[in-house]
Every structure is written in structure tokens, then in C-alpha cells.
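In what follows, a single structure is set out as C-alpha cells and then discussed.
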Amino acid sequence: FSKSRPNVPISSFEVKTSQVGDHAGRGVFAKIDIPKGAHIGVEQSMNSINVASTTYDIALSLAEEYDLPDLDAALEYLWGYGFESNLYGEISYVVDSTIL
């Protein structure tokens with residue numbers, strides 16, 4: 001990390017479906033021009049998400065029973081970018097900060 005290099009905040013990016021082709025999938029797209037050599041998302045680089053299995057199970061139950069768009073979006077994010085982990089001796093679901 002160098003304080004002399006500019007930092008482009010995460011708010012300068014968006015995740016959306018690519019328009020490259022029919023099967024392109026999702027991608028991260030810049031909303032601004034990024035200076036050469038800039039850091040990206042320094043303010044968020046250490047914020048991983050760790051969801052305990054009990055929390056995950058409750059979220060799934062709620063999502064199946066109720067129309068909760070914010071919860072659905074959070075689960076989609078977890079399914080799209082996360083992975084199952086057994087790091088602490090029980091299953092949890094993690095979205096690592098390195099996706100930034």
C-alpha cells in the first residue's frame with residue numbers, strides 16, 4: 001500500500017450482467033476512469049463476510065417462507081461469491097475480501 005497512489009473507492013464500481021455475449025455472466029464494471037496504478041477499494045479490503053451455519057439456515061427458512069427482497073439479494077450474493085468453510089470446526093459460509 002502506498003499513500004501516494006490514488007485510491008478508487010468501491011462505490012466507483014458496479015456488479016452487473018455483462019453485455020459481451022449470451023453466456024458472459026456477471027462482472028465488475030468501473031463507473032469512472034481508473035487512474036493507472038491506483039489502489040482499488042482500500043477502505044474495504046479487510047471486510048470479509050462470515051455467516052455461521054445456524055444463521056444461514058435461519059436465512060434460508062425465512063427466504064422460503066416470506067417475500068424478503070433484501071434477504072434474497074444477500075443470499076444471492078453469498079451463493080454467487082461465497083464458499084463453504086470449515087475453518088473453525090463447524091461449517092460457515094464466507095465471502096472473502098479478496099474478491100475486491
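Around the CG atom of N86, the shell of radius 6.0 Å holds more than 12 heavy atoms that belong to other residues, nucleotides or ligands.
Under the side chain to side chain donor-acceptor pair (under 3.5 Å) criterion, the residue pairs touching residues 53-74 are Y56-W79, with sequence neighbours excluded.
Residue Y77 is grouped with residue V15 when hydrophobic side chains (ILVMFWY) are merged at heavy-atom distances under 4.5 angstrom, including chains of intermediate members. Residues V94 and L60 are members of separate hydrophobic clusters, defined by side-chain heavy-atom contacts under 4.5 angstrom among Ile, Leu, Val, Met, Phe, Trp and Tyr. Note on I58 and Y93: same hydrophobic cluster, where clusters join Ile, Leu, Val, Met, Phe, Trp and Tyr whose side-chain heavy atoms are under 4.5 Å apart, directly or indirectly. Residues L68 and L78 share a hydrophobic cluster, clusters being chains of Ile/Leu/Val/Met/Phe/Trp/Tyr side chains in contact below 4.5 Å.
Annotation for L75 and A59: closest pair CD1-O, 4.0 Å, computed over non-hydrogen atoms. Closest heavy-atom contact between N7 and G41: OD1-N, 3.4 Å. Of all heavy-atom pairs spanning L71 and L62, the tightest one is CD2-CB, 3.8 Å. Residues S92 and A52 come closest through the heavy atom pair CB-CA, 4.3 Å.
Annotation: the span from E14 atom CD to K31 atom NZ amounts to 5.5 Å, rounded to 0.5 Å. Between atom CD1 of residue I49 and atom OH of residue Y81 there is a gap of 11.5 Å, rounded to the nearest 0.5 Å. Taken from CD1 in I40 to CD1 in I34, the straight-line distance is 4.5 Å, to the nearest 0.5 Å.
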With a 3.5 Å cut-off and sequence neighbours excluded, list the donor-acceptor pairs that the side chains of residues 16-27 form with protein atoms.
residue : atom : partner : partner atom : Å
S18     : OG   : V20     : N            : 3.1
Q19     : NE2  : T17     : O            : 3.4

